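Note sheet for the following structure.
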Amino acid sequence: MPFLPAQQLRPRRTDVAETVITKPSPLPATKPPQPAGRRRRRGGLVNLLYVPALLLFAVFTVYPLISGVGLSFTNWDGYSPEKAMVGLANYTRLFSDDTFRMVLINTVVYGLGSTIFQQVFGLGLAMALDRPLRGRGAARAIIYLPVLVSPVIMGTMYYLLFGYNNGAFNDVVTFFGMDRVAWLSNSTASIAIIVAVNTLQFVGISMIIYLAGLQSIPSEYYEASMLDGARGWKQFTNITLPLLQPAFATSIVLNLIGGLKLFDVIKVMTGGGPGYSTNSVSTLIGVVYFDNQSAGYASAMGVVLFLMIVLFTLVLNSLLNRRRLEA
Amino acid sequence: MKSRWTLLAAGAVISLSLAGCGASGDAGSSSEGDGSIEVQTGLAVDSKLLGTLKEVTNSFQQANPNVKINLVPSTTTYEKDMKVRLASGNVPDIWWTHGWSRDRYSKFLLPLQNEAWAANFNPALSDAMKDDAGAFYALPIDTDIAGIIYNKDVLDKAGVNIADIKTWDDFDSAAAAVKAQGITPITVSGKANGPAGNLTDWIAPGAFSKDELAQLKKGTFVGDKYKTVLDLVAKWRDQGYFNPDYASAATTDMDHALAQGQAAFIFSQNNRVNNALQYSPNAHLGYMPIPSLTGGSGYLVGGEMNAYGISKTSAHAEDAKKFLAYLAEPANESKLAQSAGSAPGLTNATPNMGALQASYDQWMTQAKTTLVPYFDRVYLPNGMWNTVVTTTDSVITKQSSVDAALGQVESDFKSLYGQGK
């Protein structure tokens with residue numbers, strides 16, 4: 001093989017694409033083609049097997065969604081047999097409701113805050129544990145373990161740790177001679193704690209997604225780049241990040257939806273308080289629906305939350321797909 | 001042939017899925033399947049009252065072997081569960097009405113004023129349970145009487161005599177004396193959805209005149225008087241009278257603090273006393289009347305607490321009435337009310353309130369203190385309780401100014417009053 005300069009050894013993205021497209025099918029057709037009628041019958045049977053799943057989806061997702069949209073135009077109290085149509089009154093009320101505005105901001109903070117921290121820490125952990133270290137299997141398992149715990153249990157554990165009288169953190173504080181801290185009395189601190197707990201619980205998912213992404217990047221790319229003199233940060237920005245685009249899309253969308261729907265941890269740790277100040281839209285919907293007995297208004301909030309999640313997901317998908325195509 | 005089997009399998013899966021979905025939607029009693037009467041007791045599985053109710057129910061079943069009673073303990077989401085069941089038409093035969101037999105549940109319940117035991121209905125409950133036509137919809141097991149619960153040992157240590165507290169200024173002086181001892185004057189749970197609201201619910205009846213209360217009932221919000229209530233709470237906050245762990249404290253922390261002498265007062269129903277005494281059986285606890293903000297005489301709040309109504313759609317209505325009549329027998333009613341730690345709901349039963357009997361004798365039997373209904377249940381529209389709780393909570397935690405909290409109360413008052421019309 002003649003000597004080639006490093007630039008020529010480095011695989012170009014267009015080369016990769018061409019390889020994939022022109023790759024011949026590895027399996028030759030071994031069965032004779034079936035008659036068209038039989039294929040149709042088998043296709044029909046296979047389609048029939050979708051029906052139970054579709055039915056369950058229709059009953060537990062589509063019907064409640066349509067029903068919820070319908071309820072949002074009524075003044076239903078959530079349990080009485082009678083309800084009246086109120087048109088767009090519930091939606092107009094949303095625009096003038098300061099509590100809803102505050103809670104909407106909280107929801108965005110929970111969604112974006114959790115997503116950003118989970119990506120940063122998830123990717124960092126994935127890169128650290130992608131290397132051949134001793135005990136990396138155990139480390140991966142330990143980081144992933146909180147994902148398996150119910151958010152209610154996770155929230156309760158941290159509620160006890162942050163407790164005023166018997167909480168472990170205040171035990172440490174008093175050990176150093178300082179006054180106890182009412183950690184969950186301040187709404188800003190409480191929101192930060194909730195974001196941290198949610199991040200800690202689900203960072204394992206991001207780590208696993210990024211680990212899978214990292215392992216799918218051929219090592220030749222790194223080897224070739226090293227011949228070009230690229231190291232550390234350059235490799236990270238020019239190889240790792242671009243080729244992790246699909247993993248980013250999956251992880252960000254999953255974490256964002258989870259963050260926007262955050263419920264259990266808030267309920268357990270602060271109950272939405274002090275006041276309404278740590279509620280997310282999800283927890284506020286429960287309060288307004290059941291406690292305030294305004295099922296119609298709560299349904300309008302639910303519709304807004306649904307639209308918000310759809311919007312965030314579409315925008316993110318579109319941005320990430322564009323970047324993937326550019327890459 | 002193979003395709004037929006596939007079709008059959010798919011059909012079976014679909015049928016099973018649909019069977020699972022359709023199980024809960026039928027109207028009527030959920031216990032119709034085994035013929036038993038379902039009683040949603042609303043009581044925690046380890047509560048003393050549930051234990052007594054089981055005993056009484058067993059003796060009823062021995063006397064009526066053809067009637068099966070299924071006592072269902074409460075979940076922590078009892079109210080939400082009941083609303084869902086009512087909305088879906090899956091209504092239990094008998095359920096615990098927890099203060100709402102008339103204002104929330106009457107359209108689902110049988111009227112009971114013509115039952116034999118109704119002649120002994122405690123008149124103290126009339127305002128809270130009877131409608132304009134004199135109908136009522138539940139058997140009252142007890143008459144809830146509540147004031148400001150105190151720990152006498154703490155007050156003695158601070159040199160406070162409970163009989164001297166007649167106004168809120170007196171209360172303020174007592175709280176200051178307690179604080180000077182390094183003890184929390186008032187302990188409240190901010191984590192639970194209720195105790196903060198009790199502060200407002202207890203103070204508010206004394207903040208309004210009779211005319212203003214009538215205006216509230218008709219849907220006119222009297223904001224300036226409601227503000228005086230929140231102002232008082234804000235003043236206590238500024239004076240540091242509340243527990244420093246307010247936001248994260250649970251109700252068990254309240255019980256613990258009161259029983260252990262770490263707090264002097266709590267604003268709560270009397271059942272907290274039973275819970276507190278479990279931590280410290282020798283604590284000297286009692287309750288006192290609530291001073292009036294307008295300078296009138298002190299009062300106690302009360303009304304319906306433990307009461308049971310029968311579903312209009314129950315397939316076992318006659319047997320259910322027979323069961324309630326059995327609970328209403330003087331010996332059984334007395335035993336049940338005693339377990340609840342409250343006065344009986346029927347006049348022919350004997351009160352025995354345990355640790356709180358002395359307070360009952362002092363304020364109800366001797367001083368004939370006025371008993372007023374729970375403010376939110378009678379003077380605010382249905383659904384306002386949560387607003388009362390969260391706005392008081394936001395004042396305590398300084399999340400809202402008094403004016404902002406008042407604005408929230410007014411806005412929800414108008415919107416819920418309009419919704420309930």
Side-chain angles (χ1 to χ4, degrees), chain A residues 41-42 44-46 48-53 55-56 59-60 75-82 84 86 89 93 96-99 159 162-167 170 179-180 182-187 190 269-277 279 286-297, chain B residues 3 6-7 9-11 13-14 16-18 20-21 77 79-80 82-87 89 104 107-108 190-193 196 243-249 253 256-257 381-387 389-391 393-400 404-405 407-408 411-412 415-416 418-420:
Chain A
R41 267 207 311 279
R42 290 200 62 179
L45 280 176
V46 169
L48 196 63
L49 293 174
Y50 297 146
V51 173
L55 263 176
L56 292 174
V59 169
F60 291 110
N75 68 348
W76 194 40
D77 61 13
Y79 61 94
S80 294
E82 62 276 347
V86 293
R93 185 177 158 195
S96 58
D97 187 339
D98 291 339
T99 304
Y159 169 70
F162 282 104
Y164 183 83
N165 282 319
N166 304 308
N170 270 347
D179 287 340
R180 291 174 189 279
W183 301 97
L184 300 172
S185 293
N186 177 292
S187 59
S190 299
M269 292 194 71
T270 65
Y276 288 103
S277 66
N279 271 299
V287 169
V288 173
Y289 192 107
F290 289 108
D291 299 332
N292 280 3
Q293 299 181 179
S294 296
Y297 188 45
Chain B
S3 63
T6 316
L7 255 177
V13 172
I14 293 166
L16 280 173
S17 312
L18 289 176
C21 300
T77 53
E79 282 197 59
K80 292 182 176 76
M82 276 309 303
K83 284 175 185 171
V84 170
R85 292 193 62 170
L86 294 175
R104 185 182 300 171
K107 60 188 106 171
F108 301 96
K191 186 162 185 278
N193 184 22
N243 43 318
D245 65 332
Y246 162 80
S248 59
D253 295 318
H256 193 267
N382 202 349
M384 274 295 284
W385 174 240
N386 187 59
T387 304
V389 175
T390 45
T391 48
D393 173 86
S394 61
V395 168
I396 297 174
T397 54
K398 289 193 177 175
Q399 291 297 316
S400 299
Q408 177 83 47
S411 157
D412 285 359
S415 130
L416 288 169
Q419 181 180 284

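We use all heavy atoms of the structure for the numbers below, so side chains are in, but hydrogens, waters and symmetry mates are not. Quick caveat, the model's predicted, so the values are computed rather than measured. A, B, ... follow the sequence lines: proteins, then strands. Residue 1 opens every chain.
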At a heavy-atom separation under 4.5 Å, does [X] approach chain A through its side chain, its backbone, both, or neither?
{"X": "B/A249", "value": "backbone"}
{"X": "B/D412", "value": "side chain"}
{"X": "B/E79", "value": "neither"}

What are the two closest heavy atoms between [X] and [Y], and how far apart are they?
{"X": "A/S185", "Y": "A/S190", "result": "N-OG, 4.4 Å"}
{"X": "A/A295", "Y": "A/Y289", "result": "CB-CE1, 3.5 Å"}
{"X": "A/W76", "Y": "A/E82", "result": "CD1-O, 3.5 Å"}

For this session: Give the intermediate values and the outcome of salt bridge (charged side-chain N to carboxylate O under 4.0 Å, His left out) for residues B/D253 and B/K191.
Result: CA-CA 10 Å; B/D253 295 318; B/K191 186 162 185 278; over 6 Å; no
Problem set entry | Carboxylate-amine/guanidinium proximity below 4.0 Å for A/D77 and B/K83 | no
Seminar exercise, completed: Checked A/G286, A/G167, A/S80 vs chain B; the most non-hydrogen pairs under 4.5 Å come from A/S80
Exercise. Between B/A247, B/S394, B/S248, B/S400, which residue shows the highest count of heavy-atom pairs closer than 4.5 Å to chain A?
Worked result: B/S248
